[in-house]
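Everything on this sheet refers to the single structure shown next.
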Amino acid sequence: MSVVRPTRDQFAVIRPMPTRWADNDVYGHVNNAAYYGFFDTAVNTWLIERGLLDTASSDAIGLVIETGCRYHAALAFPETIEVAMRVETLGNSSVRYALALFSDGQDQAAADGWFVHVYVDRQTRRPVPIPAPVRAALESLIVA
């Protein structure tokens with residue numbers, strides 16, 4: 001089965017992120033579980049930097065309900081990787097992000113995956129519509 005590796009031009013935002021000593025496993029490369037941490041950090045940092053998420057007080061919060069990852073090439077510490085993201089699907093209360101991890105300067109992704117947030121009321125944990133300011137910002141991440 002041949003899988004096409006995503007390229008940088010398929011994403012709206014790319015941000016650098018350093019790997020950490022603890023990310024490597026005994027085989028000398030970043031452990032698969034760390035990839036999900038890179039995805040989570042990229043999405044939530046983007047939201048926080050834009051004032052769209054206050055982890056202590058936002059009424060509506062995005063809970064992760066699904067993630068997935070395909071691995072194409074090894075990443076390792078010490079390396080600054082680049083995390084790319086775009087919005088694939090924007091629903092009433094959910095958003096599906098497409099993400100990719102690139103070795104510095106490489107055009108093809110070392111890994112790619114997805115991450116789904118469902119927006120819920122902080123107290124009741126029941127789904128709510130994505131808040132208008134968040135929706136407007138997420139629309140800017142849609143790549144045609």
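It should be emphasised that the depicted structure is a prediction, and the values quoted were computed from it without experimental measurement.
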Nearest-0.5 Å distance, CD1 of residue I48 to CG of residue L53: 5.0 Å
Selection residues 106-132 - residue pairs positive for salt bridge (Lys or Arg N to Asp or Glu O under 4.0 Å), sequence neighbours left out: R70-D112
Residue list, salt bridge (Lys or Arg N to Asp or Glu O under 4.0 Å) with R20, at least two apart or on another chain: D23
Approximate separation, where rounding is to 0.5 Å, of L63 CG and S94 OG: 12.0 Å
Other cluster members, F11 - Ile/Leu/Val/Met/Phe/Trp/Tyr, side-chain contacts below 4.5 Å: F102
Side chain to side chain donor-acceptor pair (under 3.5 Å) contacts touching residues 132-144 (sequence neighbours left out): none
Cluster overlap V87 with I14, hydrophobic side-chain contacts below 4.5 Å: no
A42 to V83 - nearest heavy-atom pair and separation: CB-CG1, 3.4 Å
Beyond-backbone contact of I130 with L90, side-chain heavy atoms, under 4.5 angstrom: yes
Euclidean distance, D25 CG relative to N32 CG, rounded to 0.5 Å: 8.0 Å
All pairs passing salt bridge (Lys or Arg N to Asp or Glu O under 4.0 Å) where residues 36-53 contributes a residue, at least two apart: R15-E49
Residues in side-chain hydrogen bond (donor to acceptor under 3.5 Å, both in side chains) contact with N24, at least two apart in sequence or another chain: none
Connected via hydrophobic side-chain network under 4.5 Å: V13 and V143: no
All side-chain hydrogen bond (donor to acceptor under 3.5 Å, both in side chains) counterparts of D9, not counting sequence neighbours: T7
Residue pairs passing the ring-ring contact (aromatic ring centres under 6.0 Å, His included) test where at least one lies in residues 117-144, sequence neighbours excluded: Y97-H117, F115-H117
Value rounded to 0.5 Å, distance of CG in L101 from NE2 in H72: 9.5 Å
Pairs touching residues 57-68 that satisfy side chain to side chain donor-acceptor pair (under 3.5 Å), sequence neighbours left out: D54-S57, E66-R96, E66-W114
Distance, nearest 0.5 Å, that separates CD1 of I81 from OG1 of T19: 7.0 Å
V134-V128 co-clustered via ILVMFWY side chain contacts under 4.5 Å: yes
Joint hydrophobic cluster, V95 plus V64, side-chain heavy atoms closer than 4.5 Å: yes
Flag side-chain contact, heavy atom, 4.5 Å: R86 against I142: no
ring-ring contact (aromatic ring centres under 6.0 Å, His included): pairs with one or both residues in residues 25-51, sequence neighbours excluded: Y35-Y71
Contact list for residues 73-82, test side chain to side chain donor-acceptor pair (under 3.5 Å), sequence neighbours left out: R8-E82, E79-S103
